[in-house]
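We count ligands from 1, going down the list as the structure has it; atoms in each ligand are counted the same way.
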Amino acid sequence: MAESTTVLGPGVRAVVWVQGCPLRCTGCLAPEGLPFEGGETWPVAALAARLNALPAEVTGVTFSGGEPMAQPAALAALVDRLRASRDWSVMSYSGFTLEALRHGDPARRDLLDRLDILVDGPYLPDRHGALLWRGSDNQRVHYLTDRHTPPAQDRSAGLQFDVQDGTVHWSGVPPVPGFRASFERALRQEGIDLPISRRTDVR
Ligand code: SF4
């Protein structure tokens, strides 16, 4: 989880990365998020309490992964607990399209009904672009409520870097393909030997 980012959705947001994805997009930048084993187990109530304790400037939460729609019931319950305390903006990524979600599993529709923004579709590396909040131009930003106004320009929100406890953390959707390997190689060439933690999104 990240407590504050400005590159994965409108405004200042927390990010919850779920573990596990049933899809296998070529070029997925988050292979560690694919297995359903691993990660940290967070009871919904505990995660909601942690998020609701964040400063008021954090007005939104973004679900990424992994595949959020692989854990729809837990995330829907989380949204309900969050909004019982604060008027959270909720955004989610999904490798499934909006149309597939609308005609699919009822639990996924329940989560969809709670979202302000959905970024949908699989990442396609041959359609990579410097796009707002997503990695390839087949993916779409759906504004499902009138909470947010689409920005005038569809361009990359950039990346966010933090150094905490001797580890370089980065998050966001890389505007160029191959960023992760290039970044890690560049740090090594500069003799910077800090652990690197990806807090990123591939879509
Ligand atoms: S890009 Fe997203 S949807 Fe595709 S395999 Fe990776 S985590 Fe899953």
Side-chain angles (χ1 to χ4, degrees), residues 1-2 5 7-9 13-42 47 60-76 78-79 90-105 107-112 114-144 154-160 169-184 196-203:
M1 182 185 135
T5 182
V7 296
L8 292 172
R13 313 180 72 82
V15 184
V16 174
W17 284 277
V18 304
Q19 184 71 31
C21 177
L23 305 176
R24 292 294 180 269
C25 303
T26 301
C28 174
L29 254 187
E32 61 269 52
L34 299 183
F36 282 90
E37 303 78 30
E40 295 176 45
T41 300
W42 275 81
L47 186 54
V61 62
T62 296
F63 301 141
S64 188
E67 171 54 58
M69 287 295 174
Q71 303 186 43
L75 291 178
L78 176 63
V79 174
V90 181
M91 168 173 157
S92 184
Y93 287 89
S94 177
F96 300 104
T97 64
L98 175 62
E99 293 79 8
L101 293 171
R102 280 186 169 149
H103 294 96
D105 179 78
R108 290 178 175 172
R109 293 203 302 268
D110 283 346
L111 177 56
L112 189 63
R114 289 161 169 78
L115 301 180
D116 295 296
I117 297 175
L118 173 75
V119 179
D120 77 343
Y123 171 65
L124 300 178
D126 59 346
R127 295 180 63 172
H128 193 105
L131 306 164
L132 184 67
W133 305 325
R134 63 212 195 280
S136 56
D137 67 6
N138 62 297
Q139 298 169 307
R140 301 166 296 174
V141 181
H142 299 282
Y143 293 86
L144 302 175
D154 182 5
R155 62 184 179 197
S156 170
L159 300 173
Q160 182 170 321
H169 300 279
W170 65 278
S171 59
V173 182
V176 293
F179 165 79
R180 181 178 185 175
S182 302
F183 175 61
E184 294 179 0
I196 301 167
S197 168
R198 181 200 59 82
R199 291 172 174 166
T200 190
D201 294 81
V202 293
R203 305 171 175 104

By salt bridge (charged side-chain N to carboxylate O under 4.0 Å, His left out) - contacts of R108 (at least two apart): none

Tell me every residue that passes side-chain contact (heavy atoms from CB on, under 4.5 Å) with A107, counting only those two or more places apart in sequence or in another chain. P72, D105

May I ask you to list the atoms of ligand 1 that are less than 4.0 angstrom from any heavy atom of L23? 3 (S), 5 (S)

Under 4.0 Å, heavy atoms only, figure out whether ligand 1 is touched by the backbone of C21, its side chain, both or neither. side chain

Which ligand 1 atoms are under 4.0 Å away from a heavy-atom of G66? 7 (S)

Check ligand 1 against C25 and write out every atom of the ligand that is under 4.0 Å from a heavy-atom position of the residue. 1 (S), 3 (S), 4 (Fe), 5 (S)

Quick one: do the E40 and W42 side chains pair a donor with an acceptor below 3.5 Å? yes

Could you tell me if the ring centre of Y93 sits under 6.0 Å from that of W17? no

To the nearest 0.5 angstrom, please state how far the CG atom of L101 sits from the OG atom of S94. 4.5 Å

Counting from 1 in the order shown, the ligand 1 atoms closer than 4.0 Å to a non-hydrogen atom of G95 are 3 (S)

